[in-house]
Amino acid sequence: MPTDRATVPRSHAPLRWPVEPAQGGWYTDAEAEAARVVMAESSDWRVGWKSAEYVAAFEEAFTAFTGARFAIAFNSGGTALEMLLHYLQLQPGDEVIVCAVNFVGPLIAVIGQGGRLVLAEPEPVTLNLDPADAERVITSRTRAILVTHWNGAVADIRPFLELADRHPNPVHGPPVVIVDAARACGGRTPVGAHVGAEGWATMFSFESKKLMTTYGQGGLITTNDQALAEQLHWLRTYGGTEHWGTNQMMTKAQAAVGLVQLSRLDEMNDARIQQAHRRNRSLADIDELTLPPTRHDRRHLYYRHSLLVPDAWAGEGRDELMDILAARHGLGSIISDRPPYLFHRLIRDHTAGQHCPLAESLTSRLLCPCLHPRMNPSDEAEITQVIRQATAHLARTRPTLRPRRG
Ligand SMILES: *Cc1c(COP(=O)(O)O)cnc(C)c1O
C-alpha cells in the first residue's frame, strides 16, 4: 500500500549525499566571468541592469539549440507555464490531461488558470504519460494534453499529437500538446528532435536542481506558434500598450550565465548519462531492483536515477530501504514523485473522485538515490555498495520474493 510519508527520510542523520542534489550546481570560471562582466557594465549609470539584449541573445541561443522558431525567457518555469496556459483562456469545465506521476507545479498552474485537471496513468517503464490512458480520459472538453518528460526519460510526443488530432474540441479544434521539459533540457526524442522542437509549446526550468541553471531560478518557453510567441512577450512585460500582462522578465545576469550553461549543457548531460550507465552496470545483478530504462532511440538524461523495488516491498519496504540508506549510510534518496493528489490538499479537492491506481502502486515502489556527475569515483563505488548491502538486508528481513502463486 502507498504510505503517506514525505519524500524526505524519517531519519535526520546528517547525510553524506543529499536527498536532492543540485544538478545545476556546476558552474565554472566561464559563468563567473560572465557574471563579472555583467556586474561591471551594469554599474555604469548610463547602462544599468536593463536586460533586453542579454535575454534576446539567450533566447536566440535556445532557438538555435532546440530548433524551435521562438523562445521566450521567464523568471521561472512555473510562471512560464502559467502564462502559456493563460493564453488558452480556459473556461470553466475546460479540461487539461496530466500524468498522475508529476510535480505539483504544472498541476497548480492548470488550476490557477481555471482549467479542470484530468489525471491519467503513467506508462510503467518510463513513468511518462501513457498515450493509451490519455485516450481513455480525453473528451470534447479537452483543451490541452500536458506531457511531462519524466525525470529525463524523454517521452515520444507523436502519439499525443495524433491523439489530439483524433479528438478535436468543437470550438477550439485539436487540443494543444504542452510539454513540460523542466527535467529534460538537452534531451532528444525518438524522431531525433531536440526536446523543445515538438508539440505546441515546451516549458523549461532553470531552477537550481535542473540540468542547467540561471542563478537558481529561471524559465523559458519554446514554440513554433508566432501568435503565441508574441502574446508571451506581452504577458511577461505588462501587456505592451494593449494587453494584460505582468513583469516576469529574466534578469541580465541570469541570461549571461544561462548562455554559458547552455554552451556546456551537452557536456554536463553526457557526464550524467555516463554516470547513470555506470550505476546501472554496478546494480544490474541485484534481482530486487528494477533499474531506470535504457532507451537507445532517444537521449535519456537520467535527471534522477529511478529504482523500483518489488511489489512485495511497496510502501513500507521501500520506506525501510530509504531509511537504512539514509540512517546507516548517509545516502539520501527521494520519491520522485508521488501523485500530488495524495498529499496536496488543493489538488486532492480539485481532482476528487479521480484515482490512478497504477501511478500509486508504481510510486510506492519508487526511490531515487542521489546521483550527480560531480561525485568522485570513490563516492560512486561506495554508493552502489551501500545500495547492494541495504537491499540484501531487506531481502533477508522481508523474504517476499518467492514466486507469486496463481
Ligand atoms: C521544476 C519543475 C517545474 C517548475 O519549474 P520552476 O522553474 O521551479 O518553477 C515544473 N515541472 C517540473 C516537472 C519540474 O521539475
Side-chain angles (χ1 to χ4, degrees), residues 7 19-25 58 62 71-86 96-113 115 117 119-120 122 126-129 144-155 157 177-187 195-196 199 201-222 232 235-236 246 248-251 254-255 257-258 261-262 269 272 300-306 334-341 344 347 359 363 366 368 371:
T7 52
V19 169
E20 278 189 285
Q23 315 283 21
F58 182 55
F62 231 85
I72 304 94
F74 284 84
N75 57 7
S76 83
T79 49
L81 191 55
E82 233 185 323
M83 291 305 101
L84 183 57
L85 289 158
H86 180 90
V96 178
I97 297 173
V98 298
C99 185
V101 175
N102 226 320
F103 174 57
V104 165
L107 278 61
I108 289 283
V110 172
I111 296 174
Q113 291 304 315
L117 283 174
L119 302 172
T126 60
L127 301 186
N128 283 318
L129 177 61
I145 304 170
L146 199 159
V147 183
T148 308
H149 287 304
W150 196 243
N151 285 349
V154 174
I157 301 301
V177 174
I178 297 174
V179 182
D180 178 339
R183 301 181 182 188
C185 191
V195 165
T202 302
M203 178 276 273
F204 295 91
S205 165
F206 311 122
E207 190 268 342
S208 174
K209 289 187 295 297
K210 312 303 159 126
L211 297 159
M212 57 173 271
T213 189
T214 49
Y215 271 142
Q217 296 289 347
L220 184 135
I221 303 279
T222 56
L232 288 175
L235 283 167
R236 117 186 135 177
T246 176
Q248 296 175 335
M249 280 297 281
M250 173 175 270
T251 69
Q254 285 175 303
V257 298
Q261 285 267 289
L262 183 60
N269 281 341
R272 168 176 297 93
H300 179 346
L301 302 166
Y302 301 94
Y303 172 78
R304 280 181 176 141
H305 195 262
S306 310
I334 186 168
I335 303 164
S336 178
D337 297 30
R338 300 170 64 224
Y341 66 82
H344 192 291
I347 293 172
T363 55
L366 176 67
C368 310
L371 179 138

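Whatever order the structure lists them in is the order used to number ligands and atoms, beginning at 1. Since the model is a prediction, treat every value here as computed from it, not as a measurement.
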Quiz item: Backbone N or O of Gly196 within a donor-acceptor pair of the Thr222 side chain at under 3.5 Å?
Solution: yes

Quiz prompt | Under the side chain to side chain donor-acceptor pair (under 3.5 Å) test, residues paired with Tyr341 that sit two or more places apart | solution = Glu360

Exercise. Indicate the ring-plane relationship of Tyr302 and His300, choosing parallel, tilted or perpendicular according to the 30° and 60° boundaries.
Key: parallel

Quiz item: Does Gln217 have any side-chain contact (heavy atoms from CB on, under 4.5 Å) partners at least two apart in sequence or in another chain, and if so, which?
Solution: Ser76, Glu207, Gln254

Self-check item: Neighbouring protein residues of ligand 1 - any heavy atom closer than 4.0 Å
Solution: Ser76, Gly77, Gly78, Phe103, Pro106, Thr148, Asp180, Ala182, Arg183, Met203, Ser205, Glu207, Lys210, Gly218

Self-check item: Inter- and intrachain pairs under salt bridge (charged side-chain N to carboxylate O under 4.0 Å, His left out), touching residues 177-187, at least two apart
Solution: Arg183-Asp337

Quiz item: Is there a donor-acceptor pair under 3.5 Å between the side chain of Asn151 and the backbone N or O of Ser336?
Solution: yes

